[in-house]
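First the structure, in the form of structure tokens, and then the observations on it.
The figures that follow rest on heavy atoms only: side chains count, while hydrogens, waters and symmetry mates do not. Values in this document were obtained by computation on a predicted structure and should not be read as measured data. Naming convention: chains lettered A, B, ... in sequence-line order (proteins, then strands); numbering from 1 in each chain.
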Amino acid sequence: MVSKASKAKAPNPRITAGLKDLFRRPRALLAAGVLLMMVFAAVAAPLIMPYDPNAQMFEGLSLEGAPLPPSAQFWLGTDLLGRDLFSRLVLGTRTSLIIGVVANGIAVFVGAAVGITAGYFGGWIGGILMRFTDLMMAFPALLLAIVLAAIFKPSLLIVALVIAMVNWVQMARVIYTETRALAQREFIEVQRAMGSGPLRIIGRHILPHLVYSIIVFGTLGISTTVLLEATLSYLGVGVQPPTPSWGNIIFENQTYFATAPWLVFLPGLAILLLALSFNLLGDALRDTLDPRLKGRH
Amino acid sequence: MWGYLFRRLMQSLLILLGISLVTFVLLYLVPADPARQIAGRSATAETVANIRAQLGLDQPFYVQYGRYLGNLLQGDLGRSYLQRTEVSTLIWARMPATLLLMLGAIVAELVMGLTIGAVAALKRNTPIDQSLMVFSFVTISAPQFVVGILLLYVFAVRLGWFPIGGYGTFAHLVLPALTIGLLGTGWYSRMMRSSMIDVLAHDYVRTARAKGLGKLRIVTRHVVPNAILPIIAMIGIDIGMFMSGIVVVESVFGWPGIGQLAWQAIQRVDIPIIMGVTLISACFIVLGNLLADIIAPLVDPRIKLK
Amino acid sequence: QDFIDAKQGGSMIVTYKDDVSTLDPAIGYDWQNWSMIKSLFDGLMDYEPGTTILKKDLAEDYTISDDGKTFTFTLRQGVTFHNGREMTAEDVKYSLDRVTNPATQSPGAGFFGSIEGYDDMASGAADSLSGVTVIDPYTVEIKLSRPDATFLHVMAINFSSIVPKEEAEKYGPDFGKNPVGTGAFKLAEWTLGQKLVFARNSDYWNAGVPKLDQITFEVGQEPIVALLRLQQGEVDIPGDGIPPAKFLEVTQDPTYKDFVIEGGQLHTGYITMNVKMPPFDNVKVRQAVNMAINKDRAVRIINGRAVPANQPLPPSMPGYADDYEGYAFDPEAAKALLAEAGFPDGFETELFVYNTDPNPRIAQSFQQDLAGIGIKAEIRSLAQANVIAAGGEPDQAPMIWSGGMAWIADFPDPSNFYGPILGCDGAVQGGWNWSWYCNPDLDAKAVEADAMTDPAMATEREAKWREIYLAIMEDAPWVPVFNEQRFTMRSARLGGPDEIFVDPVHVPVNYDYVYSTDVQ
Amino acid sequence: MTGQGAISGRGADPRPVLSVAGLTIQVATPTGAQSVVEDLSFDLMRGETLCLAGESGSGKSMTALAIMGLLPQPMARVAGGSIRLADGTELAGLSEAAFRKVRAKRISMIFQEPMTSLNPVMTIGRQLTEVLLEHGECTASEAPGRALALLRDVRITDAERRLKQYPHELSGGMRQRVMIAMALACNPEILIADEPTTALDVTVQAEVLDLIRALQREHGTTVLMITHDMGVVAEMADRVIVMRDGRQVESAEVGPLFAAPDTDYARRLLAAVPRLGQAPPRPVPDRTQAVVVADDLSVRFDLRGGIVNRVQARVHAVEGVSFRIAPGETLALVGESGCGKSTIGKALLGLVDWTGSIRVAGQQMRGLSPAGLKPVRRNIQMVFQDPGASLDARMTVGQQVAEPLVVHGLASGSELTDRVAALFGRVGLTPDHMARFPHEFSGGQRQRICIARALALRPKVIVADEAVSALDVSVQAQVLDLMRELQQDEGLAYLFISHDMAVVEQVADRVSVMNLGQIIETGSREQVLGNPQHAFTRRLLAAVPVPDPTYHRPPVPPRGAAPVSPVWPIGQEPRRVHLADIGGGHRVAEDDPQLELAHRGYAS
Ligand SMILES: Nc1ncnc2c1ncn2[C@@H]1O[C@H](COP(=O)(O)OP(=O)(O)OP(=O)(O)O)[C@@H](O)[C@H]1O
Ligand SMILES: Nc1ncnc2c1ncn2[C@@H]1O[C@H](COP(=O)(O)OP(=O)(O)OP(=O)(O)O)[C@@H](O)[C@H]1O
Ligand SMILES: [Mg+2]
Ligand SMILES: [Mg+2]
Ligand code: NI
């Protein structure tokens, strides 16, 4: 078992310094800005939304039943049920962020636990864990997610779990490789020579060194997660209607891409922006936190 | 070398076995009764039971799995419940389309990805590098279904440069291959860039400069060949991404490959087809990884297969 | 009928979204293969093109015994299969034996339940229907175990198509990929997952039919893509009809308006309420739901391509009650009724729906309607197979929206809307009666009605069925929502009366009578 | 400022081939530009060997790179001064295209790391012909022949075969020879050699230095040699420039410099250099007791392969080694790289699986569970070569020194703090250092911290694995002093692992020489270093550079047989050598296992 309890207590000097450095980068700053806006939108959705996002308004459709293009009344137009697209997009932010945080959180936890256990102990435990990871790697991820989503009653939590099941693998791989390398480093050897137990070594000496990878891959993983949720919803096996998610908004309206492009491309843009922001942030974090990219001699 | 190959092959087989087991368990849990779908709505309960017995669905799980494995070993992927055709025939018929798409996508992403990555690395920290990297991030972050629909909308519907969907000519291939390739382009360009930067910092590049070699020669002979090495390991992962991508992309473009087959089968819970496609995709991924392992020592003399 | 005189020749391209799974008439039961099979195979009976009027097909003539239990068919002579052999009475018997043999796993076997010896076939005790006898090569006699007014219709559905024994046995389970029949077209080429090519059967017994030399079916094409291609002249018929997204555009565009064809179909979209699951075991609740659903809005969501329904039968079906008012949309009354039933504040429930557009959208419209009377319905949008599985369990799906899986009649007879989906037979585990409604009195009445085989009693029989359906509406296990209208398009290159493009039986298109304007 | 007048070197043409004047190099740091070389001026005379000497970070490499135009871009740049060739070509600020004509043809360079300085995916032949063709030295068809000739020139064995080999298939020494061949391909006027032998074993170092000298004689090349090893300076240089913090401290001919350094710094630097044969006497420990007794110790690593991944061969890293260490005694293990020195150290601490018997402070370590091992570990601790790598960068050094006490539950609370503070004091640091992180210390300080940590449990033995090899000489001397002091005060015993014979002589009571996992000669320091018996020991000693320009080291005797490895197929084992006592506990292997290995023809 891996103890996560003994995290580095004091704010890691590298991380605090890194954060300062981070906000000197215009791209990262922009990404953080977009993310903050989205978090704000998700939290304050009820205050922002001009309409009830689930209200199917009579005036939201043309007389023949066609969705309305963006206008002063409906800023981003309406969807096929006469609902306000802007309100739905705002509420959809919540879905994406919750999925991003929850699903990715689980994936990060599982991935890190598996990676550390396998990497540190090696032997048959490590062998079994890593073979299992290989197996999951070879699974066509989307197929797996679709089948899982079909088995369990779809709900936000289940979708998050399903995505986590698919996404922990990358984290496990990265952490495994790093732990393997760390476990052979001299300062760990010193610990063993000193008689420290594995729990202590992992908790006090290995985990603090993995924090940066976990943060970086955690951030990058969020974008994968958001995209996977969108894809599942796009295929109709994700978040259940009428809860809006950017993916299922596109799913509901996809055939209208030629007649009502805003219904497809605006939520598409939202997904892109969110994933892009997390990617940019993760990349900037990687640059600022990765000691290997600094101080090369 | 042969011993290594053999062991890797055995390992791959084990992985495939594991995948078949997991998929079988999952599909066993899916709440849908194939016998009822086959029997149709006019059937009596008795008929349904009869069909269930014929398909062996009334047997305990391990018997069903055992029989599936037995057939699998003889190369028999089973018969589709609803299409009433050998799964292998169905997959085989769709394989050329998927392979073509794969080829197109890989060529597109390698050409674009490696070029962009190399240029960005050489122009590191210039506006060129920054805009290329933002581009690569956009391609990584854009959901494939949106990219696909966008390309379709702009280039096929609006501009009419390419056919709107279907299969057959090179023109049909461009948009779907590009849709999948763009994602790969993003990944490859980022990998290539960091790999190039890494290689550029190596002592032997300094040696090459000390030899008075020209920049072009240094890049093409010393930097790129070394920078490519870590990218070879991407093949397996790349095929995994491809396999996930085709479900969406093939359905957006009406591309008659196994992704479309899988999606239709999932909709109707046609278990033998889902099993078959999953296994075939897994085979591709496993083979991709194996291929990466085999190619690596061919291009990198330091690696020996052990 | 000028289309009978149209010249032969030319070709067309038809597209479908889903793959064609099989062309075996004993098995095929999909939207896309239904009419293909009708063009490749013939049965003893058929319908006049574009109508629901029965006509003789491979049967030159038939007689019905007075008790209505023995049908004797005289076969047309000189009809050959695509392999050149002449079709005989043996083939008729073989085909019926084959479709009822459990090993064939035919989804249509149940239609033949009235033939003598069916039960022995179904249980595996016999390998041949005892009620079907070959009198001579051109005469076959079919005995029924009970009078069945729908039997001639049954002889017209795909499942009773005549197949040649030697080919069916040669290909075994792969016969569906190598179909050989007596139909107007024969299969020329099949690239799995991509396209099928039908070529004209030049030896077709019905001279002058079919009109086209060749039909190409391209599968795996999204309806929206198909329509865009049609507009560019690459496609002649979008097999899945006009997608909602394009509907307003093409119906309003003068260039295309004339090529848009509207037709009714024997379809009803409905919501089932599981009468075994509280609170839907309370008839008042069910009636309240019937009053709460705004059918006009549901129709508007699909761009007015349907008419609101108030009873299970579609309007074009014999037995339809013209004067029946149904439950009017009245949320206030619904609320009152709900309160009376003991749910003044509504309740929570689930609404299952097939997860393809537009069904989840329609379900959301219902969701809003139900919320209007205090019922909180959570939507469960699932793959078709999962919805069907849930419906077949007594305690899984309180409500199901039938869209996408809805009942399209197999033949134009009121009985076709009863048995499996509203009768006691279907209200079993794994059955298709998702409302689990079972009224033995009505079952008895249904048997009585179907025993009225005498054509003279047709009106009386219709009345009886009308009574049954109105009684069902009293108990309100369903909310009939709308009857879909079919809208399709054809390219300018095609000709033929509109009806055959929206044929009510040869769904979706009666390919045999479509002609090409290029060769006229 | 202009350069000082050139002092003519031994037999050198008094015209400079390269003049550096007022050279200033700046690097960009987060806190702004910083000069790493400042106002450096010197002339390089035709045919001479000029050594740039100085401690780590003094700007030696930067100077060399500036001359080659290879300063890391864009962090470093030449900020001032000039670098001029004999014909007046100004190299500072020269365009890249023009520089290409200078490199290899007029000035060429070999680098410190032969392992990484060659392109790993290109054959040796291609890398050699490339230079020739680039500078139009010959036609494509002549190139292979020329390359072969070059390889023969650097006296590489089996030259034809090498052309087709890849760098990783060559040993470090051979790679450095290839680098030299490449550098000399276009007959440059100047050869810059930046620490060309630091990464190599002493014996290999001696061979490579011999080669450079020989080639210089043959080609008349001028050499700018960079090194921190005063032994190498003494051996190679005509003239020396001593650098410190980017500035020239002293410039002198080699003889006068060693005889009478002008500056304080140079004097201190030279004083710190350990010299073989000048070690101070050591107190005689009581050898009747023993804190460590190893008997028939063997360590083998399995190499797997084949179809079922069975063990196919074993690395016999340590084979039947026996030794004992008395309290207060230092046993030194010496030998070439890969002979199993570190492995013995790890076995003593239970970090690798071993067979045989080890007793530490009377306690048998064999068969102990991890829990049983824990108390025994309090008697033995380890200090590694790289103090940076053996400290956890994410933890304050105070915490790290406290850790052994916490793990063994020996102290807590204020007692813990006090004891850690005392330990810091013991190794010459102050308690306020405790809250800092490792990167805030210099290399020498870090090694002190590691020693403090090793001392925390009051062990009886410390295994010091190359504990001073990575440190600059002056720092090295300080750490060695500390170790000696601790030994005297606490009666510590050391297992001192090193490849540097001069250092070994300074600290050891007894010396064991290892080869291929076995001890081939052992005895007291005077016996082994003063009277080496085994050919291998002799070679090792002969190769040590002597920091005395008047001493002429005879060329090292050639290697006996083909390179051998400790890898043996399963079922086969190396033959155990038998040590015969030749008097006074001086024991020497009777027969040479290498001969036998050569017979078997089992080469790596
Ligand atoms: N790329 C760089 N960026 C910033 N500073 C650097 C860089 N490379 C070297 N330095 C600094 O320049 C100074 C001189 O370095 P240089 O490599 O010339 O030292 P050196 O004398 O060769 O030392 P060593 O013996 O360790 O090789 C050092 O303080 C070093 O930290
Ligand atoms: N974990 C291991 N697995 C396989 N072989 C190993 C392992 N560790 C060491 N070896 C091998 O054992 C032999 C002895 O290694 P060791 O590290 O003890 O050498 P050394 O004398 O300390 O060399 P150096 O002076 O380079 O540090 C070498 O051939 C090495 O390759
Ligand atoms: Mg240096
Ligand atoms: Mg070592
Ligand atoms: Ni270095």
query = Passes side chain to side chain contact (heavy atoms under 4.5 Å, CB included), B:Y167 versus C:E218? Steps please.
reply = CA-CA 10 Å; B:Y167 173 70; C:E218 296 190 2; over 6 Å; no
query = Passes salt bridge (charged side-chain N to carboxylate O under 4.0 Å, His left out), C:D30 versus B:R268? Steps please.
reply = CA-CA 12 Å; C:D30 298 332; B:R268 303 162 73 180; 3.6 Å; yes
request  = Please lay out, stage by stage, how B:T85 and C:T22 fare under the test side chain to side chain contact (heavy atoms under 4.5 Å, CB included).
outcome  = CA-CA 8 Å; B:T85 310; C:T22 177; 6.0 Å; no
message = Walk me through whether B:V269 and C:Q384 qualify under side chain to side chain contact (heavy atoms under 4.5 Å, CB included).
response = CA-CA 8 Å; B:V269 195; C:Q384 183 174 10; over 6 Å; no
ask   = Can you list the steps and then say if B:T89 with C:K177 is a side chain to side chain contact (heavy atoms under 4.5 Å, CB included)?
value = CA-CA 11 Å; B:T89 315; C:K177 289 277 184 292; over 6 Å; no
inquiry  = Assess the residue pair B:R79 and C:D174 against the criterion (salt bridge (charged side-chain N to carboxylate O under 4.0 Å, His left out)); give the C-alpha distance rounded to whole Å, side-chain angles, the decisive distance to 0.1 Å, and a yes or no.
reply    = CA-CA 10 Å; B:R79 205 166 252 283; C:D174 290 329; 3.1 Å; yes
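Contact of C:S123 with chain B is made through backbone and side chain together, with heavy-atom distances under 4.5 Å. Looking at B:S80, neither its backbone nor its side chain comes within 4.5 Å of chain C, counting heavy atoms on both sides. In this structure, no portion of C:V219 lies under 4.5 Å from any heavy atom of chain B. Only the side chain of C:Y354 comes within contact range of chain B, judged by heavy atoms closer than 4.5 Å. For C:Q232, the part lying under 4.5 angstrom from a heavy atom of chain B is the side chain only. Looking at C:D425, neither its backbone nor its side chain comes within 4.5 Å of chain B, counting heavy atoms on both sides. For C:K195, no part lies near chain B; criterion is any non-hydrogen pair under 4.5 Å. With a 4.5 Å cut-off on non-hydrogen atoms, B:L82 touches chain C through its backbone but not through its side chain. Contact annotation for B:D33: only backbone heavy atoms (N, CA, C, O) come within less than 4.5 Å of a heavy atom of chain C. For chain B, the nearby part of C:N355 is the side chain; its heavy atoms alone come within less than 4.5 Å. Contact of B:Q264 with chain C is made through the side chain alone, with heavy-atom distances under 4.5 Å. Residue C:T100 does not touch chain B at all, counting heavy-atom pairs closer than 4.5 Å. With a threshold of 4.5 angstrom between heavy atoms, B:R94 approaches chain C through side-chain atoms but not through N, CA, C or O.
Counting non-hydrogen atoms of neighbouring residues, nucleotides and ligands closer than 6.0 angstrom, the CG atom of C:D127 reaches no more than 12 such neighbours. Summarising the local packing, CZ of B:R67 is surrounded by more than 12 heavy atoms from other residues, nucleotides or ligands at distances under 6.0 Å.
For the atom pair OG (C:S21) and CG (B:D270), the distance works out to 9.0 Å, reported to the nearest 0.5 Å. Note that the CG atom of B:L152 and the CG atom of C:L228 stand 7.5 Å from one another [nearest 0.5 Å].
No other option in C:Q221, C:Q105, C:E393 has as many heavy-atom pairs under 4.5 Å with chain B as C:Q105. Taking chain B as the reference chain and counting heavy-atom pairs below 4.5 Å, the highest number among C:I224, C:N433, C:T356, C:L192 is found for C:L192. Across B:A39, B:A35, B:A93, B:G257, the residue that shares the most heavy-atom pairs under 4.5 angstrom with chain C is B:A39. For the options C:P173, C:A122, C:G28, heavy-atom pairs under 4.5 Å to chain B are most numerous at C:P173.
Checking side-chain atoms of B:Q260 against main-chain N and O of C:G220 turns up a donor-acceptor pair under 3.5 Å.
Contact record, C:G193 with B:P256: O-CB, 3.3 Å, taken as the closest heavy-atom pair. Between B:R84 and C:P107, the shortest heavy-atom contact is NH2-CD, 4.3 Å. Between B:N50 and C:P102, the shortest heavy-atom distance links the atoms ND2-CB, 3.4 Å. In plain terms, the two heavy atoms of C:W432 and B:R36 that are nearest each other are CZ2-O, 4.0 Å.
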